[in-house]
Structure formats: C-alpha cells, structure tokens
Amino acid sequence: MWIRRRLGRTDFSIAPLDAMVIKRFLSVVITELKQQRGLVIVDVTLQDGTQVMIRL
C-alpha cells in the first residue's frame, strides 16, 4: 500500500530474491558493521528522564 501511494501506480513487480544473493549481501553488511563498533544507532531521552542508547 505504501509503495502504491509513493509511486502513484499499481503496476509494479518485486523480483524474488535468490538465497545466495541475500546471504552474500548480509555477509557484506555484517563485515562492515563489525568495523563500526561503538557506533551509536539510537540515543533518545524521554520527558520522564528515561534514556535509551543503542550501540553496536
């Protein structure tokens, strides 16, 4: 539904992904993330003082 609203059309197709392609992609992503240790992904402080920080 989101894609239809963004593109303004309904004639699109999503190609099925091969398991090997997904595996290779995830391998590259994991390798890159390992090099980014300590990277802050989320740092949120709520009005009640609750703080959430997510790091790699």
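For reference, positions follow the sequence shown, starting with 1. Values reported hereafter were calculated over all heavy atoms of this structure, with side chains retained and with hydrogens, waters and symmetry mates removed.
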Quiz prompt | Side chain proximity check, R55 to I41, heavy atoms < 4.5 angstrom | solution = no
Quiz item: Are D43 and Q51 side-chain neighbours, meaning at least one heavy-atom pair lies under 4.5 Å?
Solution: yes
Quiz item: Got a second to check how far M53's CE is from T45's OG1, nearest 0.5 Å?
Solution: 7.5 Å
Quiz item: In Å, rounded to the nearest 0.5 Å, how long is the span from CD1 of I22 to CZ of R24?
Solution: 13.0 Å
Self-check item: Heavy-atom side-chain contact between L56 and R37 under 4.5 Å
Solution: no
Quiz item: Donor-acceptor pair, T31 side chain versus S27 backbone, under 3.5 Å?
Solution: yes
Quiz item: Any chain of hydrophobic side-chain contacts (each under 4.5 Å) joining M20 to F25?
Solution: no
Self-check item: Identified side chain to side chain contact (heavy atoms under 4.5 Å, CB included) counterpart of I54 within the set V44, L39, V42, V40
Solution: V42
